[in-house]
Amino acid sequence: MTTPSSFDAIIVGAGSVGTPTALALAASGLKVLALDRLPSVGQGSNKRAIGGLRATHSDPAKIRICLRSLEIFATWKHRTGVDIEWHQGGYSYVAYRPEEERTLKELLAGQKAGGLNIDWLDAPALLEVIPDLRRDGLIGGTFSPEDGNASPLLAIHAFYRRAQALGAVFRFDERLTGLIASGGRVTGVRTDKGEYGAPVVINAAGPWGAEVAALAGIDVPVRPDSHEGAVTEAVARFLGPMVVDIRPVAGSANYYFYQHATGQVIFCITPSPSLWGMDVRETSSFLPMVASRMVDLIPRLKNLRVRRTWRGLYPMTPDGFPIVGWARELEGYMLAVGMCGQGFMLGPGLGELIARMVLGTTTGDDRETLTYLSPYREFKGMEKLK
Ligand SMILES: Cc1cc2nc3c(=O)[nH]c(=O)nc-3n(C[C@H](O)[C@H](O)[C@H](O)COP(=O)(O)OP(=O)(O)OC[C@H]3O[C@@H](n4cnc5c(N)ncnc54)[C@H](O)[C@@H]3O)c2cc1C
């Protein structure tokens with residue numbers, strides 16, 4: 001080995017995906033290095049996530065990965081003694097128009113077949129779960145009681161500390177600048193501070209995934225777009241599930257909100273058209289737009305005071321599904337990018353799947369999952385619950 005330190009695997013990016021992946025690889029006994037150009041763990045998109053954790057997706061791959069993630073999040077405190085503010089409030093997609101009722105009902109059979117605990121509730125049953133919902137026009141909605149939420153900051157720090165305890169090495173303020181390869185195979189990485197050797201390099205660079213892949217001569221269709229979030233003051237619990245309203249209106253595609261374990265309501269909206277680019281400066285248009293939709297849905301929310309807004313990036317792909325798999329262009333190079341709006345919920349389950357890929361121990365289910373996420377798929381469809 002010509003490089004000063006060598007590892008079994010190097011992860012580029014210590015974010016929502018890279019950090020739990022470092023944990024899963026270290027737990028498998030591998031010597032792992034995670035590099036991040038920012039000063040500490042989770043400073044990219046991870047800390048901008050609002051904390052929603054669901055296995056309620058439209059495809060078997062994300063359902064399977066997130067069911068495993070939910071197990072990890074839900075049992076973390078019990079297994080490690082560390083509180084990540086997990087709260088199992090469930091998710092509810094509400095329908096006020098036949099269009100959304102149809103979309104949501106059409107997904108139910110596939111979701112149940114994938115092992116998801118989910119049902120359609122008519123309006124009276126849904127009002128028992130979310131009594132404050134506007135009643136006029138409510139048709140019903142889905143309810144998946146085993147989904148939940150947690151703190152992205154506490155969770156990533158918990159994964160980071162556990163990974164370190166298992167021997168994973170993290171280097172911050174260190175940027176990947178190039179790949180070292182020989183005979184079509186990756187042998188290490190070059191950074192702005194040095195060189196490291198490894199037979200496996202995993203690109204988990206989130207919104208910067210395409211830029212990092214280009215350093216290996218690989219083209220991946222990951223394009224960041226920006227989304228804003230906000231948090232209110234804390235109040236006594238009045239809201240169980242994350243509420244998602246997928247009705248498109250002028251200016252926004254959907255919005256979602258929940259009450260955190262510590263009492264704050266945290267919320268987000270999906271702008272329409274998308275705001276492509278890396279701009280993370282907050283806007284003055286976000287809050288009036290999302291607040292009017294939320295207060296229309298749950299009038300009681302008008303009494304809450306907003307404490308802070310922020311803006312962050314979704315690493316988007318053309319079809320709304322992540323890109324995970326070995327690169328054909330360079331042996332030993334893996335892509336784990338394009339998590340869209342779901343990197344926090346995918347992270348721990350995906351980290352374990354990546355560990356099985358590196359160890360060569362994937363199962364039949366894993367291989368089926370990976371066909372959905374293949375970097376070489378046609379990117380034709382569109383995720384229905386993105
Ligand atoms: C407002 C908002 C709300 C959201 N809500 C949710 C939610 O409720 N649930 C959910 O699951 N997801 C949510 N998301 C999406 C989630 O934040 C992302 O999908 C997720 O963080 C992406 O994870 P990642 O690991 O791919 O990227 P990141 O967490 O951004 O990690 C990538 C890391 O790579 C590092 N990096 C980049 N280039 C280099 C380089 N050259 N060298 C070294 N390091 C590099 C970056 O510094 C960064 O730390 C939300 C996002 C936003 C903006």
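Given the structure is predicted, the values throughout are model-derived calculations rather than measurements. Counting convention: from 1, in listed order, for ligands and their atoms alike.
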Decide yes or no on ring-ring contact (aromatic ring centres under 6.0 Å, His included) for Y256 and Y93, but give the supporting numbers first.
-> CA-CA 9 Å; Y256 46 102; Y93 283 74; 9.0 Å; no
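- Cation-pi geometry between R223 and W276 is met: under 6.0 angstrom from the ring centre, within 45 degrees of the axis.
- The hydrophobic side chain of V249 is isolated, with no ILVMFWY side chain under 4.5 Å apart from it.
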Which pairs of N or O atoms, one from ligand 1 and one from the protein, are separated by less than 3.5 Å, and what is the distance for each pair?
residue	atom	partner	partner atom	Å
ligand 1	5 (N)	I50	N	3.1
ligand 1	8 (O)	G51	N	3.4
ligand 1	8 (O)	G52	N	2.8
ligand 1	9 (N)	G52	O	3.0
ligand 1	11 (O)	Q342	O	3.4
ligand 1	11 (O)	F344	N	3.1
ligand 1	11 (O)	M345	N	2.8
ligand 1	12 (N)	G341	O	2.9
ligand 1	17 (O)	S45	O	3.2
ligand 1	19 (O)	C340	O	2.8
ligand 1	19 (O)	G343	N	2.8
ligand 1	21 (O)	S16	OG	2.7
ligand 1	21 (O)	N46	N	3.3
ligand 1	23 (O)	S16	OG	3.4
ligand 1	25 (O)	S16	N	3.1
ligand 1	25 (O)	V17	N	2.9
ligand 1	29 (O)	S16	N	3.1
ligand 1	29 (O)	N46	N	3.2
ligand 1	30 (O)	S45	N	2.7
ligand 1	41 (N)	L176	O	3.4
ligand 1	42 (N)	L176	N	2.8
ligand 1	44 (N)	R37	N	3.1
ligand 1	47 (O)	D36	OD1	2.6
ligand 1	49 (O)	D36	OD1	3.3
ligand 1	49 (O)	D36	OD2	2.6

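- Legend: residues meeting salt bridge (charged side-chain N to carboxylate O under 4.0 Å, His left out) with D122, ordered by chain and number and at least two apart, are absent.
- Chaining together hydrophobic side chains whose heavy atoms lie under 4.5 Å apart places I11 alongside V17, L25, L30, V32, I65, V200, I202, V324, W326, M334, M339, L346, L350, L353, I354, M357, V358, L359, L370, Y372, L373.
- The aromatic ring centres of F286 and Y255 sit 6.0 Å or more apart.
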